[in-house]
Amino acid sequence: MVLGPAVFAVVGVMGSRKILHGKVVEGHNDVCVPIFLNAGVLFAVLLGFMVVAVWESYDAAKDNAATEAAALVPLYRSTEALPKETGDKMRELTRNYAEAVIHDEWAKQAVGQPSSEARHAAGMFFKAFGDGTIDSQIKKDYPFICTEIMHSINEVTTDRNKRGIQASESVPVIMWFAILGGAMVIISMSFVIYMERPLPHFLMAALMASLIGTLLYACMLLGHPFKGPIAIQPEAFEKTMHVFDDVDRGN
């Protein structure tokens, strides 16, 4: 996506110069340049909009993953106030969920596959309120703690659902059609701007095409936040696991 447009630009300039050689009259560039500039401004607005949109989507996915991981910490800490057996069980469920996200779900969501392990671990949070782990007596004796635990569970599962949606999102096809079509038009229009010396013409067209290709490549990567060379990593959950260890040590 970077070298391809540059090659296309060089070949296009080479062909256009052969066609236009000896046929360019006075005022040729006076007509071509303003049209090229107007088209360039329109394309720049469209490309800028797309870059900002995919970056905001990428940043939102990263923030959401961090929020989900952070919500596990108060959930883990709150269980210390419960009776020992119940607290130990809830902390085990919390660890199981974090480990399932790190070691199973994260890789699967990058390829659009669900994680039954992580889904089961999330479901076990809610089952704890119905299978006797947190029974009616505990709810009666620790109403505030149980409310806080349920609030944290709801926050974690909501953020998990958002993460799943964000992992499956992509740039609409119509946007790619518009942006790729605009890139082809802009690069092609640079062919007909005639310069006496060929080398500057080749360089300018190739550099412009490479810049456009680089930005489109960045859009493609940012449009898939959980896969590719700049994919969001489960670092926030790994740090949360370290916090769990600190809590168990009494810190």
Could you check whether atom CD of Gln113 has more than 12 heavy atoms from other residues, nucleotides or ligands sitting under 6.0 Å from it? yes

What is the distance from atom CD of Glu99 to atom CZ of Phe244, rounded to the nearest 0.5 Å? 9.5 Å

Report yes or no: do Thr67 and Asp159 form a side-chain donor-acceptor pair below 3.5 Å? no

Nearest-0.5 Å distance, CG of residue Leu37 to SG of residue Cys32: 11.0 Å

Within the side chain of Asp104, is there an N or O that forms a donor-acceptor pair under 3.5 Å with the backbone of Ala100? no

Taking all non-hydrogen atoms of both residues into account, name the closest pair between Phe129 and Phe125 and its distance. CD1-O, 3.7 Å

Does the distance from a Lys or Arg side-chain N to an Asp or Glu carboxylate O, for Asp135 and Lys139, drop under 4.0 Å? no

Verify same cluster id: Ile153, Phe144 (apolar side-chain graph, 4.5 Å): yes

Please determine whether a side-chain nitrogen of the Lys or Arg among Asp246 and Arg249 lies less than 4.0 Å from a carboxylate oxygen of the Asp or Glu. yes

Counting only heavy atoms not in Glu235, do more than 12 sit closer than 6.0 Å to its CD atom? no

Kindly check if the number of other-residue, nucleotide or ligand heavy atoms within 6.0 Å of CE (Met204) is above 12? no

Working for salt bridge (charged side-chain N to carboxylate O under 4.0 Å, His left out), residues Asp88 and Arg91: CA-CA 5 Å; Asp88 290 345; Arg91 285 191 289 277; 2.5 Å; yes

Are the side chains of Met50 and Trp176 in contact, using a 4.5 Å heavy-atom criterion? yes

Going by heavy atoms in the side chains, are Thr133 and Ile138 under 4.5 Å from each other? no

side-chain contact (heavy atoms from CB on, under 4.5 Å) assessment of Val243 paired with Lys239: CA-CA 6 Å; Val243 175; Lys239 290 181 178 178; 5.7 Å; no

Taking the side chain as every heavy atom from C-beta outward, state whether Trp55 and Cys219 have any atom pair closer than 4.5 Å. no

Among Thr240, Asp248, Thr94, side chain to side chain donor-acceptor pair (under 3.5 Å) partner for Tyr76: Asp248

Is there a side-chain contact between Ile134 and Met90 (heavy atoms, below 4.5 Å)? yes

May I ask you to check whether Asn64 and Glu68 show a side-chain donor-acceptor distance below 3.5 Å? no

Minimal non-hydrogen separation, Ala6 against Ala206, with atom names: CB-O, 3.9 Å

If you count every heavy atom of other residues, nucleotides or ligands that lies below 6.0 Å from Phe49 atom CZ, does the total exceed 12? no

Drop me the distance from Asn38's CG to Phe43's CZ, to the nearest 0.5 angstrom. 15.5 Å

Does one hydrophobic cluster hold both Val31 and Met189, with members joined at side-chain heavy-atom distances below 4.5 Å? yes

Restricting to non-hydrogen atoms, name the atom on Phe126 and the atom on Thr157 that form the minimum distance, rounded to 0.1 Å. CE1-CG2, 3.5 Å

Quick one: closest heavy-atom pair of Ile165 and Ser168, and the distance? O-OG, 2.9 Å

Which distance, rounded to the nearest 0.5 Å, do you find between the CG of Leu82 and the NZ of Lys84? 12.5 Å

Between Glu105 and Arg163, is a salt bridge (charged side-chain N to carboxylate O under 4.0 Å, His left out) present by the stated rule, with each step listed? CA-CA 11 Å; Glu105 185 170 48; Arg163 174 163 54 81; 2.9 Å; yes

Taking C-beta and beyond as the side chain, do Pro198 and Arg17 meet within less than 4.5 Å on heavy atoms? yes

Let me check something: do Phe36 and Leu207 share a hydrophobic cluster, defined by ILVMFWY side-chain heavy atoms less than 4.5 Å apart, either directly or through other members? no

Salt bridge flag under 4.0 Å for residues Asp245 and Arg95: yes

Rounded to the nearest 0.5 Å, how far does CD1 of Ile102 lie from CE of Met241? 5.5 Å

Is atom CG of Leu42 surrounded by more than 12 heavy atoms (other residues, nucleotides or ligands) closer than 6.0 Å? yes

Working for side-chain contact (heavy atoms from CB on, under 4.5 Å), residues Leu216 and Leu47: CA-CA 8 Å; Leu216 293 180; Leu47 182 58; 3.9 Å; yes

Hey, what do you get for CG (Leu93) to CG (Leu75), rounding to the nearest 0.5 Å? 9.0 Å

I'd like to know whether NZ of Lys62 has more than 12 heavy-atom contacts from other residues, nucleotides or ligands below 6.0 angstrom. no

Restricting to non-hydrogen atoms, name the atom on Ile145 and the atom on Ser78 that form the minimum distance, rounded to 0.1 Å. CG2-O, 3.5 Å

May I ask you to check whether over 12 heavy atoms, not counting those of Met1, lie within 6.0 Å of atom CE? yes

Could you go through Gln109 and Ser115, starting from their C-alpha distance and side-chain angles, then the distance that decides it, and tell me whether this counts as side-chain contact (heavy atoms from CB on, under 4.5 Å)? CA-CA 8 Å; Gln109 72 183 358; Ser115 169; over 6 Å; no

ILVMFWY network linking Phe191 to Val7, side-chain heavy atoms under 4.5 angstrom: no

Residue pair Pro229 / Leu221: nearest heavy atoms and the distance that separates them: CD-CD2, 3.6 Å

Any side-chain heavy atom of Thr147 sitting closer than 4.5 Å to one from His151? no

Verdict with reasoning, Lys89 to Glu85, per salt bridge (charged side-chain N to carboxylate O under 4.0 Å, His left out): CA-CA 6 Å; Lys89 180 60 177 179; Glu85 183 178 353; over 6 Å; no

I'd like to check Val111 versus Lys227 (side-chain heavy atoms, cut-off strictly below 4.5 Å). Are they in contact? no

One pair to check against side-chain contact (heavy atoms from CB on, under 4.5 Å): Ser57 and Gln166. What are the steps and the verdict? CA-CA 8 Å; Ser57 177; Gln166 290 166 334; 6.0 Å; no

Kindly state whether the ring of Phe226 and the ring of Tyr58 have centres lying under 6.0 angstrom apart. no

With a 3.5 Å distance limit and no angle check, can you tell me whether His201 reaches the backbone of Ile193 through a side-chain donor-acceptor pair? yes

Does the side chain of Leu46 come within less than 4.5 Å of Met175's, by heavy atoms? yes

Hydrophobic clustering (ILVMFWY, side-chain heavy atoms < 4.5 Å, transitive) - are Phe8 and Val185 grouped together? yes

